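Remember, predicted model here, so these are calculated numbers, not experimental data.
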Amino acid sequence: MAIQEFKKTVIFEYIQVIMGAALVGLAFNIFFLPARLAAGGVSGISTILYELFLFNPAYVQWLINIPLLILGVVLVGKEFSLKTLVGTFFVPFVIWITADINVHIDNPLLSAIYGGIMLGVGLGIVYRGNGSTGGTALIAQLVKKFTGLSSGFSQLIVDGLVVLTSAFVFNFELALYAMIAIYVTSKVIDFVQLQTSPTKLVMIITDKEEEVQAIIKNEINRGLTKIKSIGGYSNEEKTMILCVVEQSEAVYFKKLLQAHEPTSFVIFLNASEILGRGFSRAQFDGDEVK
(Lines give C-alpha, C1' and ligand atoms only; values in the text may rest on other atoms or scores of the structure.)
Protein backbone atom coordinates (compact mmCIF):
# COMPACT_ATOMS: atom_id res chain seq x y z
CA MET A 1 0.00 0.00 0.00
CA ALA A 2 1.35 3.42 -0.95
CA ILE A 3 2.11 5.89 1.84
CA GLN A 4 -0.48 8.40 0.60
CA GLU A 5 -3.16 5.67 0.53
CA PHE A 6 -2.21 4.46 4.01
CA LYS A 7 -2.59 8.01 5.38
CA LYS A 8 -6.25 7.90 4.33
CA THR A 9 -7.03 4.74 6.30
CA VAL A 10 -8.76 4.48 9.68
CA ILE A 11 -5.71 2.66 11.07
CA PHE A 12 -3.51 5.69 10.38
CA GLU A 13 -6.06 7.92 12.09
CA TYR A 14 -5.89 5.76 15.23
CA ILE A 15 -2.09 5.89 15.12
CA GLN A 16 -2.32 9.69 14.98
CA VAL A 17 -4.66 9.71 17.98
CA ILE A 18 -2.31 7.51 20.02
CA MET A 19 0.82 9.50 19.13
CA GLY A 20 -0.88 12.82 19.78
CA ALA A 21 -2.30 11.62 23.10
CA ALA A 22 1.18 10.53 24.18
CA LEU A 23 2.53 14.02 23.52
CA VAL A 24 -0.35 15.55 25.48
CA GLY A 25 0.43 13.35 28.49
CA LEU A 26 4.16 14.13 28.32
CA ALA A 27 3.47 17.87 28.11
CA PHE A 28 1.48 17.61 31.33
CA ASN A 29 4.12 15.68 33.31
CA ILE A 30 7.21 17.44 31.96
CA PHE A 31 6.00 21.04 31.88
CA PHE A 32 2.63 21.86 33.40
CA LEU A 33 2.39 19.87 36.65
CA PRO A 34 5.92 20.73 37.95
CA ALA A 35 5.37 24.43 37.20
CA ARG A 36 1.84 24.37 38.71
CA LEU A 37 0.27 25.62 35.50
CA ALA A 38 -3.42 24.81 35.07
CA ALA A 39 -3.34 25.35 31.32
CA GLY A 40 -7.00 24.65 30.75
CA GLY A 41 -8.89 21.46 30.13
CA VAL A 42 -9.30 18.44 32.35
CA SER A 43 -5.52 18.47 32.82
CA GLY A 44 -5.87 21.95 34.34
CA ILE A 45 -8.62 20.72 36.63
CA SER A 46 -6.47 17.76 37.71
CA THR A 47 -3.57 20.14 38.40
CA ILE A 48 -5.82 22.21 40.68
CA LEU A 49 -7.09 19.12 42.51
CA TYR A 50 -3.53 17.82 42.89
CA GLU A 51 -2.52 21.14 44.48
CA LEU A 52 -5.48 21.12 46.87
CA PHE A 53 -5.86 17.44 47.76
CA LEU A 54 -2.89 15.58 46.16
CA PHE A 55 -5.30 13.55 44.02
CA ASN A 56 -3.53 11.49 41.34
CA PRO A 57 -3.93 13.48 38.08
CA ALA A 58 -4.27 10.33 35.95
CA TYR A 59 -7.18 8.99 38.01
CA VAL A 60 -8.87 12.40 38.10
CA GLN A 61 -8.74 12.72 34.33
CA TRP A 62 -10.17 9.25 33.81
CA LEU A 63 -13.07 9.96 36.18
CA ILE A 64 -13.95 13.37 34.70
CA ASN A 65 -13.81 12.11 31.12
CA ILE A 66 -16.41 9.36 31.58
CA PRO A 67 -19.53 11.59 31.49
CA LEU A 68 -17.96 13.78 28.79
CA LEU A 69 -17.34 10.67 26.70
CA ILE A 70 -21.01 9.73 27.02
CA LEU A 71 -21.85 13.24 25.81
CA GLY A 72 -19.60 12.65 22.81
CA VAL A 73 -21.40 9.40 21.94
CA VAL A 74 -24.75 11.18 21.97
CA LEU A 75 -23.77 14.36 20.10
CA VAL A 76 -20.91 13.43 17.80
CA GLY A 77 -21.26 9.81 16.78
CA LYS A 78 -19.81 6.35 17.26
CA GLU A 79 -16.70 6.64 15.07
CA PHE A 80 -15.58 9.88 16.71
CA SER A 81 -16.34 8.47 20.15
CA LEU A 82 -14.24 5.33 19.61
CA LYS A 83 -11.25 7.47 18.71
CA THR A 84 -12.03 9.71 21.67
CA LEU A 85 -12.07 6.62 23.88
CA VAL A 86 -8.57 5.76 22.67
CA GLY A 87 -7.34 9.31 23.27
CA THR A 88 -9.11 9.53 26.63
CA PHE A 89 -7.40 6.33 27.78
CA PHE A 90 -3.91 7.09 26.51
CA VAL A 91 -3.48 10.60 27.94
CA PRO A 92 -3.96 9.57 31.61
CA PHE A 93 -2.10 6.32 30.87
CA VAL A 94 0.97 8.22 29.68
CA ILE A 95 0.67 10.56 32.68
CA TRP A 96 0.54 7.51 34.96
CA ILE A 97 3.51 5.63 33.48
CA THR A 98 5.68 8.77 33.26
CA ALA A 99 4.81 10.13 36.71
CA ASP A 100 8.40 9.64 37.90
CA ILE A 101 10.05 11.12 34.81
CA ASN A 102 13.16 13.12 35.75
CA VAL A 103 12.95 15.90 33.15
CA HIS A 104 11.02 18.37 35.32
CA ILE A 105 11.05 21.99 34.23
CA ASP A 106 9.49 24.18 36.91
CA ASN A 107 10.26 27.57 35.34
CA PRO A 108 6.75 28.86 34.56
CA LEU A 109 7.73 30.82 31.45
CA LEU A 110 9.66 27.93 29.87
CA SER A 111 6.88 25.54 30.83
CA ALA A 112 4.22 27.81 29.32
CA ILE A 113 6.04 28.17 26.01
CA TYR A 114 7.44 24.69 25.44
CA GLY A 115 4.60 22.92 27.19
CA GLY A 116 2.17 24.86 25.00
CA ILE A 117 4.08 23.83 21.90
CA MET A 118 4.15 20.15 22.85
CA LEU A 119 0.49 20.18 23.87
CA GLY A 120 -0.52 21.96 20.67
CA VAL A 121 1.38 19.50 18.49
CA GLY A 122 -0.21 16.59 20.34
CA LEU A 123 -3.75 17.91 20.11
CA GLY A 124 -3.24 18.95 16.49
CA ILE A 125 -2.17 15.42 15.57
CA VAL A 126 -5.15 13.98 17.44
CA TYR A 127 -7.53 16.32 15.64
CA ARG A 128 -5.99 15.42 12.28
CA GLY A 129 -6.92 11.83 13.11
CA ASN A 130 -10.52 13.01 13.66
CA GLY A 131 -10.27 12.18 17.34
CA SER A 132 -10.08 13.87 20.70
CA THR A 133 -8.35 13.41 24.04
CA GLY A 134 -11.68 13.77 25.81
CA GLY A 135 -12.36 16.36 28.47
CA THR A 136 -12.67 19.97 27.46
CA ALA A 137 -10.86 19.10 24.21
CA LEU A 138 -14.05 17.23 23.32
CA ILE A 139 -16.10 20.28 24.29
CA ALA A 140 -13.87 22.40 22.04
CA GLN A 141 -14.50 20.00 19.16
CA LEU A 142 -18.24 20.29 19.79
CA VAL A 143 -17.96 24.08 19.76
CA LYS A 144 -16.12 23.83 16.44
CA LYS A 145 -18.74 21.46 15.02
CA PHE A 146 -21.73 23.66 15.84
CA THR A 147 -20.22 27.16 15.50
CA GLY A 148 -17.68 26.80 12.70
CA LEU A 149 -14.88 28.27 14.83
CA SER A 150 -11.38 26.84 14.41
CA SER A 151 -10.23 24.12 16.80
CA GLY A 152 -7.56 26.41 18.22
CA PHE A 153 -9.97 29.27 18.97
CA SER A 154 -12.55 26.89 20.44
CA GLN A 155 -9.89 25.46 22.71
CA LEU A 156 -8.89 28.98 23.75
CA ILE A 157 -12.44 29.83 24.86
CA VAL A 158 -13.03 26.63 26.80
CA ASP A 159 -9.64 26.55 28.51
CA GLY A 160 -9.82 30.21 29.47
CA LEU A 161 -12.62 29.39 31.91
CA VAL A 162 -10.44 26.82 33.67
CA VAL A 163 -7.57 29.30 33.98
CA LEU A 164 -9.81 31.89 35.61
CA THR A 165 -10.63 29.33 38.28
CA SER A 166 -6.95 28.47 38.77
CA ALA A 167 -6.15 32.12 39.56
CA PHE A 168 -7.99 31.72 42.87
CA VAL A 169 -6.26 28.43 43.76
CA PHE A 170 -2.69 29.33 42.81
CA ASN A 171 -1.98 32.98 42.16
CA PHE A 172 -2.68 35.51 39.46
CA GLU A 173 0.88 35.35 38.09
CA LEU A 174 0.72 31.61 37.45
CA ALA A 175 -2.68 32.09 35.83
CA LEU A 176 -1.10 34.58 33.42
CA TYR A 177 1.61 32.06 32.55
CA ALA A 178 -1.13 29.48 31.97
CA MET A 179 -2.82 31.89 29.56
CA ILE A 180 0.44 32.13 27.62
CA ALA A 181 0.50 28.33 27.39
CA ILE A 182 -3.09 28.24 26.14
CA TYR A 183 -2.42 30.89 23.51
CA VAL A 184 0.66 29.04 22.25
CA THR A 185 -1.30 25.78 22.22
CA SER A 186 -4.15 27.28 20.19
CA LYS A 187 -1.77 28.62 17.54
CA VAL A 188 0.19 25.37 17.27
CA ILE A 189 -3.04 23.35 16.95
CA ASP A 190 -4.09 25.36 13.91
CA PHE A 191 -0.53 25.19 12.53
CA VAL A 192 -0.47 21.40 12.74
CA GLN A 193 -4.00 20.96 11.36
CA LEU A 194 -3.35 23.19 8.38
CA GLN A 195 0.13 21.73 7.81
CA THR A 196 1.26 25.31 7.44
CA SER A 197 4.53 25.71 5.59
CA PRO A 198 6.67 28.83 5.10
CA THR A 199 5.16 29.71 1.73
CA LYS A 200 4.35 32.99 0.04
CA LEU A 201 1.59 34.02 -2.31
CA VAL A 202 3.09 36.48 -4.78
CA MET A 203 0.80 38.97 -6.57
CA ILE A 204 2.41 40.75 -9.52
CA ILE A 205 0.61 43.52 -11.38
CA THR A 206 2.41 44.20 -14.63
CA ASP A 207 2.04 45.19 -18.26
CA LYS A 208 4.89 42.83 -19.19
CA GLU A 209 3.19 39.53 -18.48
CA GLU A 210 5.25 37.47 -20.93
CA GLU A 211 8.53 38.54 -19.31
CA VAL A 212 7.26 37.84 -15.78
CA GLN A 213 5.77 34.52 -16.86
CA ALA A 214 9.10 33.50 -18.37
CA ILE A 215 10.90 34.30 -15.10
CA ILE A 216 8.44 32.20 -13.09
CA LYS A 217 8.58 29.21 -15.42
CA ASN A 218 12.28 29.22 -16.29
CA GLU A 219 13.87 30.42 -13.06
CA ILE A 220 11.74 28.99 -10.24
CA ASN A 221 9.66 26.38 -12.11
CA ARG A 222 6.26 27.24 -10.61
CA GLY A 223 2.75 27.42 -11.97
CA LEU A 224 0.85 30.68 -12.18
CA THR A 225 -2.55 32.22 -12.75
CA LYS A 226 -3.13 35.33 -14.87
CA ILE A 227 -5.99 37.75 -14.22
CA LYS A 228 -6.77 40.73 -16.41
CA SER A 229 -7.10 43.96 -14.42
CA ILE A 230 -7.41 47.73 -14.91
CA GLY A 231 -5.05 50.19 -13.24
CA GLY A 232 -6.99 52.56 -10.99
CA TYR A 233 -4.70 55.53 -11.64
CA SER A 234 -3.70 55.01 -15.28
CA ASN A 235 -6.97 53.30 -16.32
CA GLU A 236 -4.83 51.02 -18.48
CA GLU A 237 -5.23 47.28 -18.82
CA LYS A 238 -2.68 45.26 -16.88
CA THR A 239 -2.22 41.63 -15.87
CA MET A 240 -2.21 40.36 -12.30
CA ILE A 241 -0.15 37.20 -11.94
CA LEU A 242 -0.60 34.94 -8.92
CA CYS A 243 2.15 32.51 -7.94
CA VAL A 244 2.91 30.49 -4.80
CA VAL A 245 6.55 29.89 -3.85
CA GLU A 246 8.58 28.54 -0.94
CA GLN A 247 10.16 31.00 1.49
CA SER A 248 13.66 30.45 0.09
CA GLU A 249 12.34 30.83 -3.48
CA ALA A 250 10.58 34.07 -2.51
CA VAL A 251 13.89 35.74 -1.68
CA TYR A 252 15.41 34.66 -5.01
CA PHE A 253 12.23 35.58 -6.90
CA LYS A 254 12.23 39.05 -5.36
CA LYS A 255 15.79 39.67 -6.58
CA LEU A 256 14.88 38.49 -10.09
CA LEU A 257 11.90 40.83 -10.29
CA GLN A 258 13.90 43.78 -8.98
CA ALA A 259 16.60 43.12 -11.57
CA HIS A 260 14.46 42.38 -14.64
CA GLU A 261 11.03 43.92 -14.00
CA PRO A 262 11.52 46.78 -11.50
CA THR A 263 8.38 48.62 -12.70
CA SER A 264 6.03 45.75 -11.80
CA PHE A 265 3.92 46.15 -8.64
CA VAL A 266 4.62 43.13 -6.40
CA ILE A 267 2.98 41.97 -3.16
CA PHE A 268 4.23 39.06 -1.02
CA LEU A 269 1.61 37.48 1.29
CA ASN A 270 1.87 34.62 3.79
CA ALA A 271 0.02 31.53 2.55
CA SER A 272 -1.37 29.37 5.35
CA GLU A 273 -2.48 26.32 3.36
CA ILE A 274 -1.78 25.18 -0.20
CA LEU A 275 -3.93 22.53 -1.89
CA GLY A 276 -3.74 21.04 -5.36
CA ARG A 277 -1.27 19.32 -7.62
CA GLY A 278 2.13 20.74 -8.38
CA PHE A 279 3.14 22.48 -5.15
CA SER A 280 3.12 20.33 -2.01
CA ARG A 281 3.77 17.21 -4.10
CA ALA A 282 5.91 16.70 -7.16
CA GLN A 283 5.77 19.56 -9.58
CA PHE A 284 4.64 19.08 -13.15
CA ASP A 285 6.49 21.00 -15.82
CA GLY A 286 4.22 23.11 -17.96
CA ASP A 287 1.27 22.98 -15.54
CA GLU A 288 -0.61 26.16 -14.86
CA VAL A 289 -3.21 26.89 -12.23
CA LYS A 290 -6.60 26.65 -13.85
Side-chain angles (χ1 to χ4, degrees), residues 2-8 12 16 20 23 113-114 116-118 120-125 127-128 148-153 156 180 183-290:
I3 294 178
Q4 293 298 328
E5 293 178 357
F6 176 70
K7 287 183 177 181
K8 297 178 181 179
F12 182 70
Q16 287 180 300
L23 289 176
I113 295 174
Y114 291 100
I117 292 173
M118 181 178 285
V121 171
L123 288 176
I125 293 173
Y127 293 162
R128 284 186 62 81
L149 298 174
S150 71
S151 297
F153 190 69
L156 184 64
I180 293 175
Y183 178 79
V184 172
T185 299
S186 68
K187 294 301 179 183
V188 174
I189 287 174
D190 289 339
F191 182 91
V192 173
Q193 283 199 290
L194 291 175
Q195 286 187 314
T196 305
S197 58
T199 55
K200 297 289 185 181
L201 168 63
V202 187
M203 301 173 60
I204 309 159
I205 301 175
T206 181
D207 51 10
K208 300 179 179 179
E209 61 176 276
E210 297 300 328
E211 289 83 347
V212 174
Q213 182 171 327
I215 293 174
I216 294 174
K217 287 188 173 182
N218 300 330
E219 298 293 337
I220 62 174
N221 190 27
R222 290 293 182 186
L224 57 91
T225 295
K226 296 188 291 185
I227 303 173
K228 294 299 181 181
S229 57
I230 303 295
Y233 179 77
S234 64
N235 206 35
E236 295 178 356
E237 185 176 283
K238 295 181 180 292
T239 301
M240 180 168 63
I241 298 176
L242 304 180
C243 179
V244 179
V245 298
E246 298 281 3
Q247 178 71 56
S248 58
E249 292 174 327
V251 176
Y252 178 57
F253 189 32
K254 177 182 177 181
K255 292 180 179 179
L256 289 174
L257 291 174
Q258 288 176 328
H260 300 286
E261 297 298 333
T263 60
S264 297
F265 186 75
V266 184
I267 303 173
F268 287 84
L269 301 173
N270 290 325
S272 62
E273 184 176 17
I274 309 300
L275 303 176
R277 189 180 68 168
F279 185 81
S280 58
R281 298 185 178 87
Q283 298 178 28
F284 293 80
D285 293 334
D287 278 358
E288 291 188 9
V289 181
K290 301 298 183 181

Report yes if the side chains of Thr239 and Lys228 come closer than 4.5 Å at any heavy-atom pair, otherwise no. yes
Rounding to 0.5 Å, atoms NZ (Lys200) and NZ (Lys254) come to a distance of 10.0 Å
d(Ile189 CD1, Ile125 CD1) to nearest 0.5 Å is 11.5 Å
Are Val212 and Ser264 side-chain neighbours, meaning at least one heavy-atom pair lies under 4.5 Å? yes
Taken to the nearest 0.5 Å, the spacing of Thr185 OG1 from Ile113 CD1 works out to 11.5 Å
Heavy-atom pair of closest approach, residues Met240 and Ser229: N-OG, 4.0 Å
Do Ile215 and Phe253 come within less than 4.5 Å of each other through their side chains, counting heavy atoms only? yes
So which heavy atom on Gly223 is nearest to which on Cys243, and how close? O-SG, 3.5 Å
Starting at NZ of Lys238, measure out to CD of Glu236 and round the result to the nearest 0.5 Å. 6.0 Å
Give a yes or no on whether Tyr183 atom OH has more than 12 heavy-atom contacts from other residues, nucleotides or ligands under 6.0 Å away. no
Straight-line distance of Lys208 NZ to Gln213 CD, nearest 0.5 Å: 15.5 Å
Find the distance between CD1 (Ile117) and CG (Leu23) and round it off to the nearest 0.5 Å. 12.5 Å
Ignoring hydrogens, what is the shortest heavy-atom contact between Glu210 and Lys226? Give both atom names and the distance. OE2-NZ, 4.4 Å
Return the minimal non-hydrogen interatomic distance between Leu224 and Ile241, and the atom names on each side. CB-CG2, 4.0 Å
